[in-house]
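A quick write-up on the structure given underneath.
Lettering follows sequence order; numbering is per chain, from 1.
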Protein chains: 2
Amino acid sequence: MDASIFTIQPNAAEPIYRQLLGQLGRMIAGGQLAPGERLPSVREVAGHHAINPMTVSRAYGLAESEGLLERRRGVGMVVATQAAPAAGDQARMALLEPAARELVRQARELELPIESVLKRITSLWEG
Amino acid sequence: MDASIFTIQPNAAEPIYRQLLGQLGRMIAGGQLAPGERLPSVREVAGHHAINPMTVSRAYGLAESEGLLERRRGVGMVVATQAAPAAGDQARMALLEPAARELVRQARELELPIESVLKRITSLWEG
DNA sequence: CCAAGTGTATTGTTGTATTGATACACATGG
DNA sequence: CCATGTGTATCAATACAACAATACACTTGG
């Protein structure tokens, strides 16, 4: 798998290692990363995004302790075999819950009509 | 205006002063806070939420430099008179854009069907 | 076997951000 | 005038992310 699977924003408020961890979790749950699949090496990702290898290692390490990845000594990281790949819409939706709640909260504070919000979401989805 | 207009989550990743600033901006844009309306005092908000007064002051100060609030010496902060209260849906929607983009990005990573996402949003809106 | 590739433990440094404690300047109302 | 209420400037403490530079244990492929 190429190192470009990850999208990192260096200037975002969310720390880099956490951006990586979040993407890993969602891409595994969504099936874009299948069990047994090998991940780009720490140095590969670090080089491609011009960040520190240890920052990537930190994300991988946390993913491992969450049961998402398995460490193959001398080889690299691999998507855990028992990592639920195609958890039902239900389970995957749970991972979207925080972002969904936040969106709704902000929309309420803005007193926006729900129709406009849904429309915008749809537009962003297609675009 | 009561100090309970703000909702702060002390354990969230987003810093408190930024939570306050965001809510201020949206509630003013949405019209829940009308121009000329007085805000709860720094100490009031701080006491109510058990946080440091300077944290609230920081949010107020930033809001002032953004033109959202006006400082009345010895009196308190007031919603700026020239603060666009009922900017069109268009303008208010712009404030929702970051949250909307993030939601869509995560939904894509999760490979969720757009219908499920819209459904959940609607459900959260009504609930 | 050994060169080259894995991840990682270690130590230290740097920069930044958040929060807190205190003291101050100002305005209002009695 | 002065007690009481504003906001805030200032300084300090703390936490954390990220980087840097090694060194190490391990596996694979030649």
Side-chain angles (χ1 to χ4, degrees), chain A residues 1-3 5-24 28 33 36-81 83, chain B residues 1-3 5-6 8-24 33 36-80:
Chain A
M1 192 42 93
D2 194 82
I5 55 170
F6 297 118
T7 302
I8 74 171
Q9 298 158 327
N11 296 337
E14 190 179 17
I16 298 176
Y17 80 93
R18 195 157 285 280
Q19 294 181 37
L20 292 173
L21 183 58
Q23 287 177 43
L24 266 176
I28 290 175
L33 290 176
E37 192 168 353
R38 200 179 157 287
L39 288 159
S41 82
V42 160
R43 291 172 180 81
E44 225 177 317
V45 177
H48 186 274
H49 292 96
I51 59 180
N52 193 290
M54 285 308 298
T55 302
V56 183
S57 175
R58 186 174 182 184
Y60 279 8
L62 287 174
E64 188 205 13
S65 47
E66 286 185 9
L68 296 174
L69 301 183
E70 282 173 7
R71 175 178 32 186
R72 297 281 162 77
R73 285 181 174 176
V75 178
M77 303 296 280
V78 163
V79 178
T81 50
Chain B
M1 194 40 97
D2 194 81
I5 55 171
F6 298 118
I8 76 172
Q9 299 157 326
N11 296 338
E14 188 179 17
I16 299 175
Y17 80 93
R18 194 159 286 280
Q19 295 180 35
L20 292 173
L21 182 58
Q23 288 177 43
L24 265 176
L33 289 176
E37 193 169 352
R38 199 178 159 287
L39 288 160
S41 83
V42 161
R43 290 172 179 78
E44 223 177 320
V45 177
H48 187 274
H49 292 96
I51 60 180
N52 193 287
M54 283 309 299
T55 302
V56 183
S57 175
R58 186 173 181 182
Y60 279 7
L62 287 174
E64 188 204 14
S65 47
E66 286 183 10
L68 296 174
L69 301 184
E70 282 173 8
R71 174 177 33 186
R72 299 280 162 78
R73 285 182 175 175
V75 178
M77 305 294 281
V78 164
V79 178

Q: Could you check how far CG of A:L69 sits from P of C:dG7, rounded to whole Å?
A: 11 Å
(Q) Would the base of D:dG5 count as contacting B:R43 through its side chain, where contact means a donor and an acceptor less than 3.5 Å apart? (A) no
Q.
What is the separation between atom CZ on A:R71 and atom C1' on C:dG5, rounded to the nearest whole Å?
A. 17 Å
Q.
At a heavy-atom distance below 4.0 Å, what parts of residues 72-80 of chain A sit against DNA chain D?
A. A:R73, A:G74, A:V75
Q: Report the distance from atom CZ of A:R38 to atom C1' of D:dT27, rounded to the nearest whole Å.
A: 12 Å
Q. Any idea which heavy atoms bring A:H49 and A:I8 closest together, and the distance?
A. CB-CD1, 3.5 Å
Q | Flag, side chain of B:E37 to backbone of B:V78, donor-acceptor distance under 3.5 Å | A | no
Q. To the nearest Å, how far apart are A:L39 CG and C:dG5 C1'?
A. 16 Å
Q: Any chance you could measure B:L24, atom CG, to B:L62, atom CG, to the nearest 0.5 Å?
A: 10.5 Å
Q | Shortest non-hydrogen contact from A:T55 toward A:Y17 | A | O-CB, 3.8 Å
Q: Give the B/S/- string for nucleotides 11-19 of chain D, one per nucleotide from 5' to 3', where a protein heavy atom under 4.0 Å of the base yields B, of only the sugar-phosphate yields S, and otherwise -.
A: ------SSB
**Q.** Evaluation steps, side-chain contact (heavy atoms from CB on, under 4.5 Å), between B:E66 and B:L21
**A.** CA-CA 10 Å; B:E66 286 183 10; B:L21 182 58; 3.8 Å; yes
Q: Could you give me the CA-CA distance, side-chain angles and deciding distance for B:I51 and B:V56, then say whether side-chain contact (heavy atoms from CB on, under 4.5 Å) is met?
A: CA-CA 8 Å; B:I51 60 180; B:V56 183; 3.8 Å; yes
Q: Check the distance between C:dT19's C1' and B:Y60's OH and give it to me in whole angstrom.
A: 18 Å
Q) side chain to side chain donor-acceptor pair (under 3.5 Å) with A:E64: which residues, sequence neighbours excluded? A) A:R71
**Q.** Between C1' of C:dT18 and NE2 of B:H49, the distance in whole Å
**A.** 18 Å
Q | Interatomic spacing from CG in A:L39 to CG in A:L33 - rounded to 0.5 Å | A | 6.0 Å
Q: Could you please spell out the steps behind the side-chain contact (heavy atoms from CB on, under 4.5 Å) verdict for A:V75 and A:R38?
A: CA-CA 9 Å; A:V75 178; A:R38 200 179 157 287; 4.3 Å; yes
Q. Just to confirm, is there a sub-4.0 Å distance from OP1 or OP2 of C:dT8 to any side-chain nitrogen or oxygen of A:S57?
A. yes
Q) Within this structure, what is the CD-to-P distance between B:E64 and D:dT6, rounded to whole angstrom? A) 17 Å
